[in-house]
Amino acid sequence: MHAMQYEITLPADYDMGIIRARVAMKGHLLDDFPGLGLKAYLMRERGENSPVNQYAPFYLWSAPEGMNDFLLGPGFQGIVNDFGRPAVQNWVGLSYAEGRAASARPRTAVRRREHLPESVDPGVEIGAAAEESLRQAAEPGAVATALAVDPRHWELLHLSLWEQEAPEAAGDRYEVLHLSAPERDRLGRGRQW
């Protein structure tokens, strides 16, 4: 499993209705994309819970070939044509869990990034983070949770999807506009190391 995200930060006065309309019109185009475990079309609006207007889709790939086909094909080129080429962050998948509300449509997401200092044992910290992610999946309203690592920067990425407003927790909060999940069943379950 590979995790991937790009963030398109938009002007403070940008009409986020344009992003909503874009996702409503094009979101279904990845509903059967080979190699895609899931794509959460994430957006946050400047205000109480966010300092910025941002479109920040998040992907979990079941196969690296699917990720490569997307990045080098017409899907990503549409983003490039409309917004310029964003930096694409990616992480190696460590765990994935279906939540208690796995069959529900997610409405909110929380993404948290956590730096692993040199003073800690990465295996111990990652093991504890994986257990935390799996416990979170058992909470009421959890649709799915994922944990991944960027070993270049030793950064952990936690993602949780919720069927309602996400519980209070540290991290960036997003609205989920659409979920494409053609190969969600191929993401594996639990720890992946």
* **Full working for side chain to side chain contact (heavy atoms under 4.5 Å, CB included) between R85 and F76** => CA-CA 9 Å; R85 187 172 62 192; F76 189 65; 4.2 Å; yes
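- Atoms CD1 and NZ, on I79 and K26 in that order, are 8.0 Å from each other to the nearest 0.5 Å.
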Result block: side-chain N/O donor-acceptor pairs under 3.5 angstrom for residues 163-170, not counting sequence neighbours:
none

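- Each side-chain hydrogen bond (donor to acceptor under 3.5 Å, both in side chains) pair with one or both residues in residues 134-149, not counting sequence neighbours, appears once here: S133-T145.
- Using modelled atom types, no side-chain atom of S95 and backbone atom of A146 make a donor-acceptor pair closer than 3.5 Å.
- Screening residues 141-163 for ring pair (Phe, Tyr, Trp, His ring centres under 6.0 Å) gives no qualifying pairs among residues at least two apart or on separate chains.
- A distance-only check finds no donor-acceptor pair linking the side chain of S50 to the backbone of R173 [under 3.5 Å].
- Cluster membership check: V80 shares its hydrophobic cluster with F83, using side-chain heavy-atom separations under 4.5 Å among Ile, Leu, Val, Met, Phe, Trp and Tyr.
- L38 belongs to a hydrophobic cluster with M1, L42, F58, L60, W91, Y96, V143, L157, L159, L161, Y174, V176, L179, L187, counting contacts under 4.5 Å between side-chain heavy atoms of Ile, Leu, Val, Met, Phe, Trp and Tyr, direct or through other members.
- For the pair E183 (side chain) and G35 (backbone), a donor-acceptor distance under 3.5 Å is present.
- In terms of heavy atoms, G93 sits closest to A148 at CA-CB, 4.1 Å.
- For the pair P34/D69, no side-chain contact is recorded, criterion being any heavy-atom separation below 4.5 Å from C-beta on.
- The aromatic rings of F33 and F70 lie perpendicular to each other, with more than 60° between the two planes, well past the 30° mark.
- In plain terms, the two heavy atoms of G127 and R191 that are nearest each other are CA-NH1, 4.3 Å.
- Residue-environment remark: CZ (R189) exceeds the threshold of 12 foreign heavy atoms within 6.0 Å.
- Under 4.0 Å is where a charged nitrogen must lie from a carboxylate oxygen, and between E175 and R20 at least one such pair does.
- The CG atom of L72 sits 10.0 Å away from the CD atom of Q77 when rounded to the nearest 0.5 Å.
- Looking only at side-chain heavy atoms (C-beta outward), N53 and R46 come within less than 4.5 Å of each other.
- Atom CG of L30 is separated from atom NZ of K39 by 5.0 Å, given to the nearest 0.5 angstrom.
- Side chains of V92 and W193 form no contact here, defined as non-hydrogen atoms less than 4.5 Å apart.
- The cluster map of Ile, Leu, Val, Met, Phe, Trp and Tyr, joined by side-chain heavy atoms under 4.5 Å apart, puts V52 and M43 in different clusters.
- N90 places no side-chain N or O within 3.5 Å of a backbone atom of M4 that could act as its donor or acceptor partner.
- Residues satisfying the salt bridge (charged side-chain N to carboxylate O under 4.0 Å, His left out) criterion with E155, sequence neighbours excluded, are absent altogether.
- Considering only heavy atoms from C-beta on, N49 stays 4.5 Å or farther from R44 through its side chain.
- Sorted by first and then second residue, the ring pair (Phe, Tyr, Trp, His ring centres under 6.0 Å) pairs involving residues 34-55 (not counting sequence neighbours) are Y41-H178.
- Rounded to the nearest 0.5 angstrom, Q54 CD and T9 OG1 are separated by 4.0 Å.
- Residues R184 and A144 share a closest heavy-atom pair of NH2-CB, 4.3 Å.
- Atom CG in L10 sits 5.5 Å away from atom CD1 in I19 (nearest 0.5 Å).
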